[in-house]
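Working notes, beginning with the structure itself.
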Amino acid sequence: MYSIDIMTLFSDTVGDMMNESILGRAQERDFLRIEAHQIRDYTLNKQKQVDDYPYGGGRGAVMQADPLYQCWKHIVDRYGPGHTIYLSPAGVTFTQAHARRLVRDYDHLILVCGHYEGIDERFIEECVDEEISLGDFVLTGGEIPAMAVADAVARMVPGVLPDEECFTDESHWNGLLEYPQYSRPEEWHGRKVPPILRSGDHKKIARWRRKQSILRTKQRRPDMFAKLELTSKEDRAILAEIEAEEQGEV
Ligand SMILES: C[S@@+](CC[C@H](N)C(=O)[O-])C[C@H]1O[C@@H](n2cnc3c(N)ncnc32)[C@H](O)[C@@H]1O
């Protein structure tokens, strides 16, 4: 079973969120264990205070090392060692490839959510294996990034989704963005589903989807498009079509 422990000041909210829907069902079927731990339960003071002023001055408060350490130690004593990740805007930006590595290389993650101005560096030095950022922006807490990492990892754990195609056929798996998706009805607000998707011709549908994926990636993510190696006969034909269409538009 793959285990994810989340250390947070909002354990009820995080626990509720992680127990919903697909991830909740996967936990009922024992493919996964996700548990949120309240850091305040590991303070030694009556007020359950977990933060204090920053040495050197400055605004705000910093989460103290010891409550974080006691919470982390409780998890390790109970469930064994885990690859420990601090969610931080100063970390390496999270990607699908990163999520794949976390599923492949570990079976127990401990995710640490900071708050206020962040956490005492000495806890990071002693217990954290890597720092992950959700992107180049700053949030008030690490809960949303931790849930994003947990979700991205958990859905690739074998058994969580019905089969591997559920995620290998999606954006970012093979360097492409996904094609547009449609469901019933056939016409909505005067907008029709592309006729080819109703043709029943699976070969043509697959080619249409491939072309849409390549086109979207080219238009929306030139950085990803530049890294693609589209060398198959079919991809080269699709690229030629896209270029001809683009030139026709000018
Ligand atoms: C207000 S932030 C602290 C920012 C910190 N003072 C800095 O400038 O790097 C509080 C907490 O939110 C989380 N956080 C904020 N932005 C994040 C991001 N982009 N990715 C991951 N975690 C983030 C971290 O856990 C952080 O400890």
Side-chain angles (χ1 to χ4, degrees), residues 2-18 20 23 34-43 45 47-76 81-103 105-106 108-156 171-172 220-221 223-224:
Y2 201 98
S3 296
I4 303 177
D5 288 289
I6 305 178
M7 293 169 45
T8 166
L9 297 178
F10 304 95
S11 50
D12 290 345
T13 312
V14 171
D16 285 351
M17 188 73 198
M18 295 282 97
E20 293 281 353
L23 301 189
I34 306 183
E35 206 172 311
H37 302 265
Q38 173 54 261
I39 299 164
R40 284 191 200 284
D41 291 346
Y42 298 88
T43 54
N45 60 76
Q47 300 76 22
K48 292 192 177 281
Q49 186 185 337
V50 291
D51 59 291
D52 214 325
Y53 67 85
Y55 275 114
R59 280 168 300 104
V62 173
M63 288 176 72
Q64 295 165 287
D66 204 57
L68 289 165
Y69 178 72
Q70 297 303 336
C71 181
W72 180 85
K73 189 170 175 309
H74 163 83
I75 294 167
V76 171
H83 183 69
T84 302
I85 298 168
Y86 170 45
L87 287 308
S88 158
V92 173
T93 307
F94 191 56
T95 61
Q96 186 69 28
H98 206 147
R100 279 164 81 172
R101 178 169 66 72
L102 294 177
V103 181
D105 294 353
Y106 309 101
H108 183 199
L109 300 182
I110 303 175
L111 306 181
V112 184
C113 306
H115 215 66
Y116 314 114
E117 289 308 313
I119 71 177
D120 192 306
E121 190 68 21
R122 292 166 295 181
F123 172 78
I124 300 176
E125 286 165 7
E126 193 151 318
C127 304
V128 170
D129 298 302
E130 63 174 311
E131 296 185 44
I132 292 182
S133 167
L134 204 60
D136 292 345
F137 45 81
V138 177
L139 302 164
T140 55
E143 283 70 22
I144 291 171
M147 289 193 286
V149 170
D151 191 298
V153 168
R155 67 196 294 280
M156 285 192 284
S171 297
H172 299 292
R220 297 181 184 186
R221 292 292 301 270
D223 57 321
M224 285 169 61

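One-based numbering along the sequence shown. Just follow the structure's listing: the first ligand is 1, and inside any ligand the first atom is 1. Everything numeric in this text was worked out from a predicted model, so none of it was measured.
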Let me check something: any side-chain donor-acceptor pairs from residues 132-144 under 3.5 Å, sequence neighbours excluded? List them with distances.
residue: Ser133; atom: OG; partner: Gly135; partner atom: N; Å: 3.0
residue: Ser133; atom: OG; partner: Gly135; partner atom: O; Å: 3.0
residue: Glu143; atom: OE2; partner: Thr8; partner atom: OG1; Å: 2.7

May I ask you to check whether His115 and Asp51 show a side-chain donor-acceptor distance below 3.5 Å? no

At a heavy-atom distance under 4.0 Å, which protein residues reach ligand 1? Sort them by chain and number, would you? Tyr86, Leu87, Ser88, Pro89, Gly114, His115, Tyr116, Glu117, Gly118, Ile132, Ser133, Leu134, Gly135, Phe137, Val138, Leu139, Thr140, Gly141, Gly142, Pro145

Has Gln64 got a side-chain atom pairing as donor or acceptor with Asp66's backbone, closer than 3.5 angstrom? no

May I ask you to check whether over 12 heavy atoms, not counting those of Arg101, lie within 6.0 Å of atom CZ? yes

Pairing of Glu126 and Lys73 as salt bridge, 4.0 angstrom limit: no

Ignoring hydrogens and geometry beyond distance, is a side-chain donor-acceptor pair present between Asp5 and His108 at under 3.5 Å? yes

